[in-house]
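Please read the structure below before turning to the comments.
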Amino acid sequence: MTHAPAIEIKNLTKTYAKSKKAPAKHALKGVDLTIPRGSIFGLLGPNGAGKSTLINILAGLVNKGDGEVKICGYDVQSQTRQARASIGIVPQEIAMDVFFTPFQALELQAGYYGVPKAKRRSEEILSALGLLDKRDAYVRQLSGGMKRRLLIAKALVHNPPVLILDEPTAGVDIELRRQLWDYVQELHARGTTIILTTHYLEEAESLCDQIAIMHHGEIVANESKTSLMSRLDKRTLVITPTEPIKALPQELSGLEANISETGQIAITYRSGTDSISGLLAQVKSAGLSILDLRTEEPDLEDVFLSLTYAQDA
Ligand SMILES: Nc1ncnc2c1ncn2[C@@H]1O[C@H](COP(=O)(O)OP(=O)(O)O)[C@@H](O)[C@H]1O
Ligand SMILES: [Mg+2]
């Protein structure tokens with residue numbers, strides 16, 4: 001079903017049953033989500049939002065409640081085999097059998113997916129992830145970063161059209177992160193749909209073309225990165241006065257403004273309603289002369305906060 005979306009989720013719910021320690025938890029409260037083929041899709045949200053629950057349902061690791069979940073057009077419940085074959089999942093937790101070597105781990109995984117010997121690419125995948133020299137080392141001897149790369153390698157053995165990475169760079173150093181993203185982008189360029197959760201917002205901002213934000217088990221936004229960023233019409237006008245100032249002049253007390261340590265003024269305004277020329281006129285009539293000025297756009301973090309934490313406040 002090459003024309004079906006990568007992921008199609010309709011009114012998905014999930015309730016974890018209550019236990020001795022915790023009451024029942026409504027982790028997903030009717031999620032609708034369609035992820036087109038060919039995207040690099042970011043699923044963001046604070047801890048506990050339900051991201052891993054959603055991904056584990058896609059992976060077949062957690063049973064869904066109500067609703068419909070399709071991967072490349074295949075229903076996870078009635079077409080389990082095809083659905084699983086369509087997806088590779090890199091889980092958030094590193095849990096691996098440490099008694100195998102990376103090569104054996106990949107061969108086992110390939111066997112599990114029914115990839116015939118002639119079609120296996122274990123060495124190629126190890127090499128792509130910089131693990132070929134660890135081919136025959138024991139997994140328990142690998143560093144944390146190497147284990148993470150091995151998890152990605154395992155998710156790729158059956159050449160899935162959709163790859164999902166759940167917090168793949170948590171606790172991974174910058175250099176390795178860059179390597180991982182280079183490789184993920186290469187897979188994407190070769191046609192793999194990429195879905196990732198991350199709480200590094202800069203990462204999502206630089207990598208993803210489409211972003212959904214989850215909060216308390218619901219999708220609160222789902223759009224292109226550009227449209228998401230333009231949601232906030234908040235801008236900041238940063239003015240450097242000829243003479244650095246220490247306090248906000250009385251005449252400007254009606255503005256939402258801050259003075260920096262270096263004596264600049266940062267004025268927050270709404271691009272839809274406030275005019276820059278009006279603001280500048282106010283600044284001048286307060287007796288300040290302007291040496292330099294610039295405007296700052298909101299970043300993904302601002303949008304994220306406005307859609308999540310600000311709602312709770
Ligand atoms: N196996 C489980 N049993 C009970 N509650 C769970 C289980 N897994 C997750 N939860 C709860 O479901 C909610 C969503 O968790 P999770 O999907 O892991 O969120 P995220 O990945 O966005 O941090 C949280 O409140 C979490 O405590
Ligand atoms: Mg998670």
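Note that ligands are numbered from 1 as they come in the structure, with each ligand's atoms numbered from 1 the same way.
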Quiz item: In the protein, which heavy atom is nearest to atom 14 (C) of ligand 1, and how far is it?
Solution: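 The answer is Gly48 O, 3.4 Å.
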Quiz item: Any idea which protein heavy atom is nearest atom 1 (N) of ligand 1, and the distance to it?
Solution: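 The answer is Tyr16 CE2, 3.6 Å.
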List every atom of ligand 1 that sits less than 4.0 Å from any heavy atom of [X], numbering the atoms from 1 in the order shown and giving each element.
X: Ala27; answer: 12 (O)
X: Asn47; answer: 23 (O)
X: Ser52; answer: 17 (O), 18 (O), 20 (P), 21 (O)
X: Ala49; answer: 19 (O), 20 (P), 22 (O)

Can you find a side-chain donor-acceptor pair between [X] and [Y] that sits under 3.5 Å?
X: Ser224; Y: Gln210; value: no
X: Thr34; Y: Glu8; value: no
X: Gln92; Y: Lys51; value: no
X: Thr15; Y: His26; value: yes
X: Ser275; Y: Tyr269; value: no

Quiz item: Is the distance from the Mg ion (ligand 2) to the nearest N/O/S atom of Thr197 under 2.8 Å?
Solution: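 Coordinating: no.
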Quiz item: Between the Mg ion (ligand 2) and Ser52, is there an N, O or S atom separated by less than 2.8 Å?
Solution: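 For Ser52, the answer is yes, given that an N, O or S atom comes within less than 2.8 Å of the Mg ion (ligand 2).
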Quiz item: Considering only heavy atoms, which of Ile55, Thr53, Thr197, Val62 lies nearest to atom 16 (P) of ligand 1?
Solution: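 Heavy atom nearest to atom 16 (P) of ligand 1 belongs to Thr53.
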Exercise. For ligand 1, note which part of Lys25 has a heavy atom under 4.0 Å away: side chain, backbone, both or neither.
Key: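 Looking at Lys25 and ligand 1, just side chain atoms fall under 4.0 Å.
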Quiz item: Does any N/O atom on Gln92 come nearer than 3.5 Å to any N/O atom on ligand 1?
Solution: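 No, no N or O pair falls under 3.5 Å.
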Quiz item: Are any non-hydrogen protein atoms located under 4.0 Å from atom 5 (N) of ligand 1?
Solution: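 At least one protein heavy atom is under 4.0 Å away.
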Quiz prompt | Heavy atom of protein closer than 4.0 angstrom to atom 26 (C) of ligand 1 | solution =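 For atom 26 (C) of ligand 1 the answer is no, since every protein heavy atom stays at 4.0 Å or beyond.
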Quiz prompt | Under 3.5 Å: donor-acceptor pair, side chain of Glu124, backbone of Arg121 | solution =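 No: the side chain of Glu124 does not pair with the backbone of Arg121.
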Quiz item: Would you say Gly50 contacts ligand 1, with heavy atoms under 4.0 Å as the rule?
Solution: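 It does; at least one heavy atom falls under 4.0 Å.
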